[in-house]
Amino acid sequence: MMDPKTHPSFDGHEDVVFVGGDTQGFAGIVAIHSTAIGPAAGGCRIWDYDSAADALTDALRLSRGMTYKNAMAELPLGGGKAVIYRINTDRVDAFQKFGAEVEKLNGRYITAEDVGATVADMRAIASRTTYVAGIPKEHGQAGGDPSPMTALGVFVSIKALLGGSVQGKTIAVQGVGAVGFNLCRLLKDEGAKLIVADVNRANLQRAEALGVEIAPVDQIHAIGADIFSPCALGAGLNERTIPELGAAIICGAANNQLATEEDGARLVARNITYAPDYVVNAGGIINVSAEYLGEAADVVETRVRAIAPRLLHVLETAKSERLTPHQAADRIVRERLAAARKN
Ligand code: NAD
């Protein structure tokens with residue numbers, strides 16, 4: 001395994017811990033990017049990487065992303081991420097052992113679900129440590145499935161971008177999974193016209209029942225609409241798709257929508273307004289953090305609704321500072337991190 005400090009994605013991470021090993025029945029990495037604002041929070045991804053080096057790349061990139069997302073959402077949390085890239089023992093046993101590793105970090109890292117992880121996995125972790133979220137809670141307490149809150153954050157952002165109402169507006173939604181479907185419901189309830197695409201037939205049928213129009217998967221980005229909302233996978237805004245985009249505003253939940261840094265500039269050159277993904281899709285982490293901090297469910301909704309004015313502030317900063325929206329968001333976060341380090 002390469003030294004994390006010489007890895008191209010290393011960004012001054014505070015700690016990178018290799019957990020498990022041949023005798024443990026699982027192997028993973030916990031990357032702690034920053035604890036300047038609070039304990040490093042970010043989910044645990046279980047993925048079949050081609051190599052341990054690929055797992056390290058993901059852990060480094062994703063943990064840095066969590067620092068930015070948490071700081072932007074004004075949560076009292078830093079950024080971290082775990083990846084588990086091999087399990088060759090009983091799954092419960094593997095997650096219990098992983099929980100013991102999280103416990104050893106003494107609260108510097110808080111875990112939760114990410115791609116590939118389940119509530120059952122979190123329960124196994126919770127048998128060894130309290131530094132875990134993502135476990136359904138009692139009525140009235142924050143917790144459980146974060147996707148409705150992620151959808152709400154995107155919804156209030158779309159509304160703000162359209163001047164306060166989606167009535168009669170056309171929204172093209174790419175991906176109607178957990179977040180995309182909840183978003184469609186909110187938009188439909190307020191009178192928007194929806195055009196959607198998905199590769200999953202069952203998810204498409206569920207959306208169809210809302211009375212949406214269906215577009216081909218390879219065309220959805222090019223549909224003439226008021227808003228294009230990427231809610232599927234990352235890197236959807238790239239050299240190939242940007243010249244074809246049919247909406248003047250992009251606002252969706254997908255993580256890492258820009259394939260490269262230059263794509264942010266490409267959007268500006270086409271006069272397309274881009275709502276930075278990590279600003280608008282923070283509803284899920286806001287929900288998870290409230291669960292961890294033992295807060296009430298209604299606190300979450302207030303915080304998620306605050307995403308809309310925050311987005312407008314980022315876009316104004318971008319305009320006045322002649323930055324892309326993504327660069328403006330990053331700059332705001334870096335200032336917050338620098339201020340936290342001084343205190
Ligand atoms: P999901 O897996 O439930 O839904 C994704 C949907 O996209 C699925 O229906 C899938 O079939 C579809 N899809 C995949 N490839 C596609 C393609 N090429 N064209 C059209 N549709 C395609 O995932 P989700 O939880 O809804 O998350 C959606 C996105 O939002 C992801 O990028 C995720 O990382 C991000 N996100 C989710 C949350 C959350 O709370 N779930 C929070 C923050 C960010």
Side-chain angles (χ1 to χ4, degrees), residues 41-47 58 61-62 65-66 68-70 72-73 75 79 81 83 112-119 122 133-134 136 142-155 157-158 171-186 194-210 212-223 228-238 240-241 244 250-259 275-291 300-301 303-304 307:
C44 175
R45 178 166 293 194
I46 294 87
W47 196 254
D58 231 15
R61 289 185 47 232
L62 294 168
M66 289 312 301
Y68 280 68
K69 191 185 287 199
N70 292 338
M72 175 55 78
L75 296 171
K81 200 89 182 181
V83 299
E113 284 104 341
D114 192 59
V115 178
T118 66
V119 170
M122 296 306 119
D145 177 11
S147 54
M149 282 299 137
T150 305
L152 180 65
V154 177
F155 173 69
S157 299
I158 287 176
I171 324 284
V173 182
Q174 180 181 48
V176 283
V179 178
F181 178 69
N182 278 299
L183 174 65
C184 285
R185 268 211 298 228
L186 292 166
L194 301 177
I195 306 175
V196 312
D198 200 297
V199 293
N200 179 307
R201 189 178 290 268
N203 285 355
L204 212 46
Q205 277 168 353
R206 180 176 63 163
E208 245 179 324
L210 295 174
V212 304
E213 218 178 283
I214 309 285
V217 166
D218 60 355
Q219 286 301 312
I220 187 72
H221 64 283
I223 298 280
F228 171 52
S229 184
C231 295
L233 307 175
L237 303 174
N238 54 49
R240 184 182 59 80
T241 59
E244 299 172 353
I250 315 290
C251 179
N255 275 315
N256 305 318
Q257 289 170 34
L258 299 174
D277 44 16
Y278 75 84
V279 179
V280 299
N281 74 12
I285 188 72
I286 290 172
N287 194 62
V288 170
S289 80
E291 174 199 333
V300 176
E301 186 167 332
R303 275 194 205 134
V304 173
I307 290 174

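We count ligands from 1, going down the list as the structure has it; atoms in each ligand are counted the same way. Values below: all heavy atoms of this structure, side chains included; hydrogens, waters and symmetry mates excluded.
Against a heavy-atom cut-off of under 4.0 Å, G175 is close to the following atoms of ligand 1: 7 (O), 21 (N). Every atom of ligand 1 is numbered from 1 in the order shown, and the set under 4.0 Å from a heavy atom of N203 is 8 (C), 9 (O). For ligand 1, the atoms sitting less than 4.0 Å from at least one non-hydrogen atom of A254 are 29 (C), 30 (O), 32 (O), 35 (C), numbered in the order shown with element in parentheses. Atoms of ligand 1 lying under 4.0 Å from any heavy atom of A197, numbered from 1 in the order shown and given with element: 20 (C), 21 (N). Close approach of ligand 1 to N200 is summarised as follows: ligand atoms under 4.0 Å from at least one heavy atom of the residue are 11 (O). Within ligand 1, the atoms closer than 4.0 Å to a non-hydrogen atom of P146 are 40 (O), numbered from 1 in the order shown.
N182 and S147 make their closest contact through ND2-OG, 4.0 Å (heavy atoms, listed as atom of the first residue, atom of the second, distance).
Here T150 has side-chain heavy atoms under 4.0 Å from ligand 1, and that is the only part of it that gets that close. In C231, the part holding a heavy atom less than 4.0 Å from any atom of ligand 1 is the backbone. The parts of S147 lying near ligand 1 are both backbone and side chain, judged by heavy-atom distances below 4.0 Å. By the criterion of a heavy-atom distance under 4.0 Å, both the backbone and the side chain of V199 are placed next to ligand 1.
The protein heavy atom nearest to atom 10 (C) of ligand 1 is D198 OD1, 3.4 Å. If you check which protein heavy atom lies closest to atom 30 (O) of ligand 1, you get A253 O, 3.3 Å. In terms of protein heavy atoms, atom 19 (N) of ligand 1 is closest to V217 CG1, 3.4 Å. In terms of protein heavy-atom proximity, atom 43 (C) of ligand 1 is nearest to N281 O, 3.5 Å. Residue, atom and distance of the protein heavy atom nearest to atom 4 (O) of ligand 1 are G177 CA, 3.2 Å.
Taking distance alone, with nitrogen or oxygen atoms compared against 3.5 Å, A178 approaches ligand 1 more closely than that limit. Residue contacts with ligand 1: N255 is placed with a nitrogen or oxygen under 3.5 Å of a nitrogen or oxygen of the ligand (distance criterion only).
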- request: Please test E244 against H221 for side chain to side chain donor-acceptor pair (under 3.5 Å), starting from the C-alpha separation and ending with a verdict.
  value: CA-CA 7 Å; E244 299 172 353; H221 64 283; 2.6 Å; yes
Worked verdict on I286 versus M149 for side chain to side chain contact (heavy atoms under 4.5 Å, CB included): CA-CA 8 Å; I286 290 172; M149 282 299 137; over 6 Å; no
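Counting only non-hydrogen atoms, the option in D218, D114, V179, V196 that gets closest to atom 26 (O) of ligand 1 is V179. Around atom 32 (O) of ligand 1, the closest heavy atom drawn from G284, G43, A202, A232 belongs to A232.
The number of heavy atoms from other shown groups lying within 6.0 Å of CZ (R61) does not exceed 12.
Closer than 4.0 Å to atom 34 (O) of ligand 1 lies at least one heavy atom of the protein.
In terms of modelled atom types and a separation under 3.5 Å, the side chain of E291 and the main chain of G134 share a donor-acceptor contact.
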